[in-house]
Amino acid sequence: MPPFVGSNPLSNGFRQKNINNNNKIDSNSNIVTIDVGGQLFQTTKQTLNQAGSKSLFSTISNNLDNSSIPFIDRDPEIFSILLSLLRTGNLPSKAKNFDIQDLIFEAKFYGVEQLILNSQSNPSQFEPFDLENSLLLPLSGRDSPTAISTTENGSVQVAHGCKITSFDCFLKRKSTILTQFSVIDSMLCLNSRIVAVGAVDFSGLQILDLVKGIVEKNLNWENVTKSGSTVQAIGSSSEFLFTSFESCRRNSNCIMIYDINDDFKPVTKIGHYEIFGAELDSAIPATKLRWLPSHNLLMSAGSHSGPSGVVGNIKFWDLRSGNSVWEIKENVDCFSDITVSDSLSGIFKVGVHSGEVFLADLRNIGSENAWFCLGDQRKVTNGKKDGMWCKIESHGNQVFCTKGGNIELWSEVLLDDSIKGRFGSEGRVFRKNFMGRAKDFCGNRITHINFGGNRMFVTRKDQQFVEVWQSSVRGF
């Protein structure tokens, strides 16, 4: 039996159930009564119109008369969840009793699936202390993941060897395409179908359409020697695409800025360095780019091994002037990896020698002694590099740091102003927790960590799959 039955069907299929004169609906009333699977619901026209003009809810609101109640032959329990979503903008707690795919399927019927997808990317649905390694996304071939990128709704693109495999927000494989690269080192999702990709041994940045499987754009930096330029890092804001280039001869580098909304036309370049002699600082291209919306600044960071050990620099760029407004030179315990957090107002690094997590407070931009250690402050001894392969990323109000096959979760402890002074001049305290259960700690070294929707994605050395970490509460 179809979901809508009976006489007097409207254009989208639901029927209006006749009622007697004692229960007539006032055509001027703002109250709407709907019969779903035999259960009556009451709401307002304004609530129904929150679903958008193309939805079934809006059609119900705009096609009422004074003698009938719309009847929909669907599940009333899921309908109540969707109605609650329209009323508050958030999924109610009882939604956790349903599988997310069941909710999406029913939402598609009503034409409001985007509301469910948007709720997936709501930070309130991301529960860092409740994440568990719950699913594996297998990859074809023998190549391990070399880059990974996600969208806000939880879809994920994985580069492995010369291929890119796409999974939708339901984590179902959509496609695998071949690229011109032998190995993809950098990848960034611009939306669910367009990605920017580059490699350290292949000239140019490519904008790929994953649905069509074609190259939409080839972007290059014309350096002085005309030797071609390879991509070292990719970043973006809502308006711009940032790409760190290094000449194939490794004697010059810069950061190019492209307009995302104007066919990727070049806007300007910053941090252009031509390398002469032993000027090692200028020889370091940016290998990480992060946009900081609250300050309208771009963070670039790069490091390399030299005669005196691992050195590097971190710069914050004002795009309007093209100048660096803050620079941190790394020469003691240089970063193995680095990230910046708007919500925590800080830069976080993991030291290449100590393996410890450090914080530089963005409220003290320009300070010379920026870093303070969040960990055990172990001394650097015997030239060991305990943090060489560590990764660090921020998401929401947490910082995630990988150590071998483990993941540390760092969270700030909120302190009353009256006791902040007990913890030094910084007045900020972070606490570490290990993520997952014991079974999650037995994997190989973690190579990538990323976030999308209410999930965390993890890849490991020499493994041909992606781990999906989700809340232990089913579906959310």
Inset, instruction - Check step by step if side chain to side chain contact (heavy atoms under 4.5 Å, CB included) holds for I207 and L241. - result: CA-CA 11 Å; I207 308 298; L241 176 68; 4.0 Å; yes
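- Checked against salt bridge (charged side-chain N to carboxylate O under 4.0 Å, His left out), E408 has the following partners two or more places apart in sequence or in another chain: K403, K432.
- Residue pairs meeting the side chain to side chain donor-acceptor pair (under 3.5 Å) criterion with at least one partner in residues 156-166, sequence neighbours excluded, are D143-K163, Q157-S166, H160-T165, T165-T176.
- For D342, there are no salt bridge (charged side-chain N to carboxylate O under 4.0 Å, His left out) partners, not counting sequence neighbours.
- The side-chain contact (heavy atoms from CB on, under 4.5 Å) test applied to S252 returns W221, N223, S247, E274, not counting sequence neighbours.
- With sequence neighbours left out, T179 forms a side-chain contact (heavy atoms from CB on, under 4.5 Å) with C162, I164, F181, I184, L208.
- Side-chain contact between E467 and L136 is present, with at least one heavy-atom pair separated by less than 4.5 Å.
- A distance below 6.0 Å separates the ring centres of F430 and F348.
- Note that CG of L297 is 15.5 Å distant from CZ of R290, once rounded to the nearest 0.5 Å.
- Put simply, the side chain of S336 gets close to the backbone of M388: a donor and an acceptor are under 3.5 Å apart.
- The salt bridge (Lys or Arg N to Asp or Glu O under 4.0 Å) analysis of residues 235-252, with sequence neighbours excluded, yields no pairs.
- Every residue meeting the side-chain contact (heavy atoms from CB on, under 4.5 Å) condition with K212, not counting sequence neighbours, appears here in chain and number order: R193, D209, I214, E216.
- Every residue two or more places apart in sequence or in another chain was checked for a salt bridge (charged side-chain N to carboxylate O under 4.0 Å, His left out) with D168, and none qualifies.
- Counting heavy atoms from C-beta outward, F316 and L292 have side chains that approach closer than 4.5 Å.
- Checked against ring-ring contact (aromatic ring centres under 6.0 Å, His included), F242 has the following partners two or more places apart in sequence or in another chain: W291.
- Without hydrogens or angle criteria, S394 side chain to V340 main chain gives a donor-acceptor distance under 3.5 Å.
- In this structure, the side chain of S229 does not engage the main chain of F245 through any donor-acceptor pair within 3.5 Å.
- If you check the side chains of Q232 and T287, you find no donor sitting under 3.5 Å from an acceptor.
- L205 places none of its side-chain heavy atoms less than 4.5 Å from the side chain of V197.
- Between F202 and V183 the shortest side-chain heavy-atom distance does not fall below 4.5 Å.
- No side-chain heavy atom of T339 sits under 4.5 Å from any side-chain heavy atom of I347.
- Residues in residues 183-192 take part in no side chain to side chain donor-acceptor pair (under 3.5 Å) pair, two or more places apart or across chains.
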Legend entry - Working for side chain to side chain contact (heavy atoms under 4.5 Å, CB included), residues V195 and S149: CA-CA 9 Å; V195 296; S149 188; 5.9 Å; no
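- With hydrogens and angles left out, the side-chain atoms of W371 and E330 include a donor and acceptor closer than 3.5 Å.
- Residues satisfying the salt bridge (charged side-chain N to carboxylate O under 4.0 Å, His left out) criterion with D462, sequence neighbours excluded, are absent altogether.
- The side-chain contact (heavy atoms from CB on, under 4.5 Å) search around S182 returns D201, not counting sequence neighbours.
- Looking only at atom types and distance, the side chain of Q180 has a donor-acceptor partner in the side chain of Q206 under 3.5 Å away.
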Inset, instruction - Apply side chain to side chain contact (heavy atoms under 4.5 Å, CB included) to the pair I314 and F335, showing each step before the final yes or no. - result: CA-CA 10 Å; I314 306 158; F335 60 87; 3.7 Å; yes
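- The closest side-chain heavy-atom distance from V468 to F457 is below 4.5 Å.
- Distance CZ/R320 to OG1/T268: 14.0 Å, rounded to 0.5 Å.
- The side-chain heavy atoms of V399 and E412, taken from C-beta on, include no pair separated by under 4.5 Å.
- Checked by atom type and distance alone, the side chain of R460 pairs as donor or acceptor with a backbone atom of N444 at under 3.5 Å.
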Inset, instruction - Evaluate the criterion side-chain hydrogen bond (donor to acceptor under 3.5 Å, both in side chains) for residue pair S134 and W469; output intermediate values, then yes/no. - result: CA-CA 6 Å; S134 56; W469 291 56; over 6 Å; no
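- Using modelled atom types, no side-chain atom of R428 and backbone atom of D361 make a donor-acceptor pair closer than 3.5 Å.
- The cationic atom of K217 (NZ for Lys, CZ for Arg) does not lie both less than 6.0 Å from the six-membered ring centre of F264 and within 45° of the ring axis.
- Residue M256 holds its CE atom at 10.0 Å from CG of N220, rounded to the nearest 0.5 Å.
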